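Written below as structure tokens is the structure these notes are about.
Residues: numbered from 1 along the sequence shown. Computed from a predicted structure; not experimentally measured.
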Amino acid sequence: MDWETPAMRRALARRDIGAVYRLVCAAGASQRRIADLVGQSPSEVSEILAGRAVRTYDVLARIADGLGIPREYLGLAHIPAYGEEASQRTEDESVKRRQFLANAAAIIVGDAVLGDPAATAAPPTAIEATSRVGMADVYRLRATTASLRQLDYRLGGGASRVAALAQVQASETLFQASMTDEVRKHLHNAVADLHNVVGWASFDSLMADQGRHHFLRALEHSKQAEDPGLCAFLLCRMGHIDMANDRPGEALKLFQLAELPAAEARLGAIGFVTSCYQARAYSEMGRADRALDLTSRSEDNYARHVDDAVPEWLEYFRSWGAESVRGNVCFALTREHPEHAPMAFEAMRTTVNAQKAGLEKDNLMDLATLATLHIRGGNTEHGLRMGGNIVDRAERVASKRLNKWLRVLADAATECGAADGRDLAHTIGLLP
């Protein structure tokens, strides 16, 4: 295909992918062939030909690479393809073995006992492009995603984000391979969940823009997978970013938008998620009646669906529990309505007594809320002792969001007036 014709250069400069596809078709390629090359379904190609705009960087890059268009023609930065490395000097295998032995001996003994050690370059890594994707590939991707999610839950987004990001970048290339329509649908679903994990790890690392980007990519894949339940869940996670940045009104809009796909989903447990997030938003806005009404609704949803089979990305809701929702809602309300403190205390005590296995980060957040309530309620010594234990455990978790959450505990510790309280607040302030 000639990318230098005036008509093609104009279409590329405008990023008019529909016009590009029409010119490629006019040159003899079928819509099916374009779909195979760029990793889209035939229906997506048809929609673009009919006028649907393509704006996301990842999709534009995939189209450029799939069709062989120079990325700069679309205004994209050049990124080396997988496996594209500088040529390496080849050596005789026996020479390489002797050099390896000399280097190993020098490391262990500290001297050149088996020959002179020498610096070695990393060998080129050949990454084979997958020509065909099947359900076995999708299952492996889902298992990898589950492991990365659990790593985030235990040790924080800082421990999982880089690995998850590398995995999602590699997984996006799978759409260039051949596969059945059914496998493509499942792959969209699996990649959506992987973007969900990267988005959450980014948010946990206080990287809001990156979190939003990956949640939007996850939303796009979820629509392709026809999974309204995951769409609703992702909208709630997007709203969580606004909640963490003191914008409950903006968060509420996303939580309410999530009700639309939630209503289409054959997944009763998603109603628990949407209602509890809305309750949290209203509590941050000081609207006690609405917050408590939605809390009761979430508790009803939880009771009805706690034993339902749910996707792996929603498994945590069983451990989360309704008491945690009520405790956090009432805790937020105490800022303007102190009378809710006893209810918050009882709910958080119940939550903490049912610590969630494998969810260290959430456990520490709940403990910090309970410790704050202890200090504010006059049980200062116990609350500060809890706080010291929380900080010791938090140092092992790579979560900037957790450390930010602990600032409320630090404020309560400072306000109590005790020397130990000032020491605790100082220690929390040293957390990254």
Side-chain angles (χ1 to χ4, degrees), residues 17 21 24 29-49 52 54 56-69 71 76 79-85 124-150 160 162-199 201 213-231 233-234 311-313:
I17 303 303
Y21 282 1
V24 173
S30 66
Q31 292 187 30
R32 167 65 73 173
R33 178 59 178 158
I34 293 173
D36 289 341
L37 288 171
V38 303
Q40 293 178 319
S41 66
S43 62
E44 287 178 279
V45 172
S46 179
E47 289 172 7
I48 291 169
L49 284 166
R52 194 188 93 187
V54 178
T56 61
Y57 184 96
D58 289 351
V59 177
L60 288 167
R62 196 166 71 241
I63 290 170
D65 294 344
L67 294 178
I69 302 169
R71 283 191 174 205
L76 308 175
I79 298 174
Y82 280 105
E84 183 183 325
E85 300 183 8
T125 303
I127 301 178
E128 296 183 6
T130 303
S131 60
R132 184 167 184 80
V133 171
M135 282 306 301
D137 300 289
V138 176
Y139 292 143
R140 283 192 293 271
L141 179 56
R142 285 176 172 159
T144 301
T145 301
S147 296
L148 291 166
R149 189 191 335 271
Q150 291 305 316
S160 62
V162 172
L165 183 59
Q167 185 67 50
V168 83
Q169 290 170 342
S171 298
E172 285 282 7
T173 68
L174 294 175
F175 290 101
Q176 298 173 16
S178 173
M179 67 192 80
T180 66
D181 289 344
E182 184 65 18
V183 169
R184 185 176 295 276
K185 182 177 177 180
H186 283 285
L187 182 60
H188 274 299
N189 185 268
V191 174
D193 191 22
L194 184 54
H195 273 290
N196 166 40
V197 169
V198 179
H213 167 75
H214 286 286
F215 286 143
L216 281 173
R217 293 292 293 126
L219 200 61
E220 291 172 353
H221 282 293
S222 298
K223 286 291 288 184
Q224 292 295 326
E226 300 175 3
D227 189 341
L230 184 52
C231 287
F233 183 77
L234 290 164
E312 201 275 338
W313 47 264

Problem - Check ion pair Arg140-Asp137 (N to O, under 4.0 angstrom) - result: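 So Arg140 pairs with Asp137 through a salt bridge.
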Problem - Derivation of the side chain to side chain contact (heavy atoms under 4.5 Å, CB included) call for Tyr21 and Val54 - result: CA-CA 12 Å; Tyr21 282 1; Val54 178; over 6 Å; no
Exercise for the section: Over 60° means perpendicular and under 30° means parallel, so classify the ring planes of His221 and His188, tilted if in between. Expected result: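 Answer is tilted, since the angle falls between 30° and 60°.
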Handout entry: side chain to side chain contact (heavy atoms under 4.5 Å, CB included) evaluation trace for Met135 with Glu182
Key = CA-CA 9 Å; Met135 282 306 301; Glu182 184 65 18; 5.8 Å; no
Practice task
Answer yes or no: are there more than 12 heavy-atom neighbours, outside Arg33 itself, under 6.0 Å from its atom CZ?
Solution key: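 At most 12 heavy atoms, drawn from other residues, nucleotides or ligands, come within 6.0 Å of this atom.
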Exercise for the section: Apply side chain to side chain contact (heavy atoms under 4.5 Å, CB included) to the pair Ile48 and Val45, showing each step before the final yes or no. Expected result: CA-CA 5 Å; Ile48 291 169; Val45 172; 5.8 Å; no
Practice task
List for me each residue that meets side-chain hydrogen bond (donor to acceptor under 3.5 Å, both in side chains) alongside Arg132, sequence neighbours excluded, and say none if there are none.
Solution key: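 Arg132 satisfies side-chain hydrogen bond (donor to acceptor under 3.5 Å, both in side chains) with Ser178 once adjacent residues are dropped.
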Practice task
Please report the shortest heavy-atom distance between Leu141 and Gln167, naming the atom on each side.
Solution key: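 Here Leu141 and Gln167 meet closest at CD1-NE2, 3.9 Å.
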Handout entry: Nearest heavy-atom neighbours spanning Ser222 and Leu234
Key =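 Of all heavy-atom pairs spanning Ser222 and Leu234, the closest is OG-CD1, 3.4 Å.
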Got a list of side-chain donor-acceptor pairs under 3.5 Å for residues 191-199, not counting sequence neighbours?
residue: Asp193; atom: OD1; partner: Arg149; partner atom: NH1; Å: 3.1
residue: Asp193; atom: OD1; partner: Arg149; partner atom: NH2; Å: 3.4
residue: Asp193; atom: OD1; partner: Asn196; partner atom: ND2; Å: 3.1
residue: Asp193; atom: OD2; partner: Arg149; partner atom: NH2; Å: 2.5
residue: His195; atom: ND1; partner: His214; partner atom: ND1; Å: 3.0
residue: His195; atom: NE2; partner: Glu172; partner atom: OE2; Å: 2.7
residue: Asn196; atom: OD1; partner: Arg237; partner atom: NH1; Å: 2.9

Practice task
Answer yes or no: is there a donor N or O on one side and an acceptor on the other, between the side chain of Thr173 and the main chain of Gln169, under 3.5 Å?
Solution key: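 Looks like no, no N/O pair under 3.5 Å.
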Practice task
Would you mind reporting whether Lys185 and Glu226 have side-chain heavy atoms less than 4.5 Å apart?
Solution key: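 SC-SC contact between Glu226 and Lys185 confirmed.
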Exercise for the section: Please determine, by modelled atom types, if Ser41 and Glu44 share a side-chain donor-acceptor pair under 3.5 angstrom. Expected result: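 There is such a pair between these side chains.
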Exercise for the section: For the pair Arg217 and Glu220, evaluate side chain to side chain contact (heavy atoms under 4.5 Å, CB included) and give the outcome as yes or no after the intermediate values. Expected result: CA-CA 5 Å; Arg217 293 292 293 126; Glu220 291 172 353; 2.3 Å; yes
